[in-house]
Amino acid sequence: MDLEYSFTLTVPLADMEKAMELLALAKQKNPRMRQSRKTDRHGCARFYLSFPFSAGRPDLAFQEWFIKEQEESWDLFGPNHAVWGLS
């Protein structure tokens, strides 16, 4: 299993279209980013975003960019040191 830095993103279901567009753009900017969707809870979609473990820390550049682009009601939690699939 690969060591990675991960985030959990929580987005209200009403914002899904914008969230999917922003995540697609994030994927273009970070081709090695992995994304999976967790189970929706309490009217929100939840995503697990993962970046390869590296000294360059692409996760920190993503975090800085994403925070500027996201809606105020969204919650980006992380980065966490993780193993893909076990966080």
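- When atom types are taken as modelled, the side chain of Asn30 and the backbone of Ala26 share a donor-acceptor pair closer than 3.5 angstrom.
- Annotation: cation-pi pair Arg37/Tyr48 absent, no NZ/CZ under 6.0 Å from the ring centroid and within 45° of its normal.
- Considering only heavy atoms from C-beta on, Leu49 stays 4.5 Å or farther from Ser6 through its side chain.
- Looking only at side-chain heavy atoms (C-beta outward), Glu64 and Leu60 stay at 4.5 Å or farther from each other.
- Note that the OG atom of Ser50 and the CG atom of Asn80 stand 10.5 Å from one another [nearest 0.5 Å].
- Looking at Gln70 and Leu76, their side chains come closer than 4.5 Å, going by heavy atoms from C-beta outward.
- When side chains are defined from C-beta on, Leu3 counts as touching His81, because their heavy atoms get closer than 4.5 Å.
- Side-chain atoms of Gln63 come within 3.5 Å of backbone atoms of Gly78 as a donor-acceptor pair (strictly under, hydrogens ignored).
- Inter-residue side-chain proximity for Arg57 and Phe62 is flagged as unmet; no heavy-atom pair is nearer than 4.5 Å.
- When atom types are taken as modelled, the side chain of Arg46 and the backbone of Lys38 share no donor-acceptor pair closer than 3.5 angstrom.
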Decide yes or no on side chain to side chain contact (heavy atoms under 4.5 Å, CB included) for Trp65 and Leu25, but give the supporting numbers first. CA-CA 11 Å; Trp65 170 80; Leu25 184 56; 3.7 Å; yes
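- Residues Val11 and Ala19 come closest through the heavy atom pair CG1-CB, 3.8 Å.
- Atoms CH2 and CG, on Trp74 and Leu9 in that order, are 7.0 Å from each other to the nearest 0.5 Å.
- In this structure, the side chains of Phe51 and Met33 come closer than 4.5 Å at one or more pairs of heavy atoms.
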Quick one, Asp40 with Leu13, criterion side chain to side chain contact (heavy atoms under 4.5 Å, CB included). Give me CA distance, side-chain angles, the key distance, then yes/no. CA-CA 9 Å; Asp40 295 351; Leu13 290 173; 3.6 Å; yes
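- Using a 4.5 Å heavy-atom cutoff, the side chains of Phe7 and Phe77 are not in contact.
- The shortest non-hydrogen separation linking Pro52 to Tyr5 is O-CD1, 4.3 Å.
- When all heavy atoms are compared, the tightest approach of Asp15 to Ser73 is OD2-OG, 3.4 Å.
- A 4.5 Å side-chain heavy-atom check between Gln35 and Leu23 finds at least one atom pair inside the cut-off.
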